Amino acid sequence: MEGDKRFRELIDWSFAEEISEGERQLIRDHIRDCDGCKRYVELTARTIRGLREFTFVSGPDSNAQVREILAHHTGALRPRKVQFRILAAFAVALLMSFLGSALVYQVAKLLAVPMHFDISQVQPGVLIFWLLPSLCSALCLLAAPGENRGIA
Amino acid sequence: MSALPMTLNTTAESETAKIARGLRERDMQLLADLVERCQHRLVRYLLYLTGTREYAEDLAQETWIRVLQRGSQYNGRQQFDPWLFAIARNLAIDYLRKKRKAVQTASLPDDHDAVLLLPSSGPSPFEAAARSQDAMCLAGRLQILAPLYREALLLRFQEDMSLLEIAQVVRAPVTTVSSRIYRGLAILRSAFEEGDSHGG
């Protein structure tokens, strides 16, 4: 009985996973003399055959629907490369805005004295008319149309 | 003799690597090919998991959207199908949990086994799909079989997945998967044993 139990485990393995040719031969030899295990093999084979005999019929337009949904979602999702490029361009533009504004701020300071302008008025003017447009340009990169549309 | 399996293995590897690259780049042609190849099996798996065709179709669509959104997470080192089925499974479990919580005020046990129980009322997806007398005989048993056994059996014998692939889908050790298959087989086999003994 214990021997049969071991063989039946081996029979289960033979159906569910790979067993060696030697083990297969062992089963064949055993079931030649053991009616109980032979029946066990037949019932297991019948069960597995039955499991394979469920036939599901999918809808005719099921694949087309999925493809359509995916196409719709792809339009909304930008490729990562494009997203990265836009972020990099934005970072560079932002950096240049501040560096450029700092430079222009200093130059304006230098020019204001010989030209007899009031520094306190020139420098805020530079900030408003230089830094703000630069920042706006950088932000526009994030809101570019089409493939370069904003990340927000 | 050993050259052939090696070649096949290399081909399989390059296939998964190609899929991984295509998913990273959101290659629509590749996605369309994958849908063509897997959609039928995916809906079938979800139907047997949820018991309702409507849920199965919706969840399959949701699964593909996840594949599109998170395709970069597929590394190409494992087969694509188990990865896809694992996404579908997680979505199905989340969906069924939410749905049943909405229906029942009593708290459900938090394990997946309970969530995956098929509704006892309504037509059985197995009876509708049975194409032989034996399949019909199994249909009733499958409907009430412990969900984790049923799932393991169907992945193994309907989807022809290896034990390792099933383990990847259900996120369980291979030994657990094989024990679920053997226990499930034993329960289903008894349907024929009983039928034969009643029949004479």
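Note that the coordinates shown come from a computational prediction; the quantities given were computed from them, not determined experimentally. Below, read A as the first sequence line, B as the second, and so on, with proteins coming before strands; counting in each chain starts at 1.
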From CA spacing to verdict: salt bridge (Lys or Arg N to Asp or Glu O under 4.0 Å), R189(B), D12(A): CA-CA 11 Å; R189(B) 202 167 32 224; D12(A) 278 348; 3.3 Å; yes
side-chain contact (heavy atoms from CB on, under 4.5 Å) between I48(A) and L185(B), intermediate numbers included: CA-CA 8 Å; I48(A) 290 167; L185(B) 267 181; 3.9 Å; yes
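Residues meeting the ring pair (Phe, Tyr, Trp, His ring centres under 6.0 Å) test with Y74(B), sequence neighbours left out: F80(B), W83(B).
A donor-acceptor distance shorter than 3.5 angstrom exists from the side chain of Q158(B) to the backbone of F54(A), with no hydrogens or angles considered. For the pair R46(A) (side chain) and D134(B) (backbone), a donor-acceptor distance under 3.5 Å is absent.
The environment of Q25(A) atom CD is dense: over 12 non-hydrogen atoms of other residues, nucleotides or ligands sit within 6.0 angstrom. Surrounding CE of M28(B) are more than 12 heavy atoms belonging to other residues, nucleotides or ligands, all under 6.0 Å away. More than 12 heavy atoms of other shown residues, nucleotides or ligands fall within 6.0 angstrom of atom CZ in R28(A).
Here the side chains of L51(A) and L142(B) are in contact, with some heavy-atom distance below 4.5 Å.
With a threshold of 4.5 angstrom between heavy atoms, L70(A) approaches chain B through its backbone and through its side chain.
Nearest heavy-atom pair across Q39(B) and S62(A) is NE2-OG, 2.9 Å. Contact record, A135(B) with G50(A): CB-O, 3.6 Å, taken as the closest heavy-atom pair. Scanning both residues, H40(B) and F56(A), for their nearest heavy atoms gives CE1-O, 2.9 Å.
One distance of note links NE2 of H72(A) with CD1 of I65(B); it measures 8.5 Å at 0.5 Å rounding. Taking CH2 from W64(B) and CD1 from I69(A), the interatomic distance works out to 12.5 Å, rounded to the nearest 0.5 Å.
Listed options V67(B), L31(B), I181(B), L138(B) were ranked by heavy-atom pairs under 4.5 angstrom with chain A; first place goes to L138(B).
Residue pairs meeting the salt bridge (charged side-chain N to carboxylate O under 4.0 Å, His left out) criterion with at least one partner in residues 59-75 of chain A, sequence neighbours excluded, are R67(A)-E36(B).
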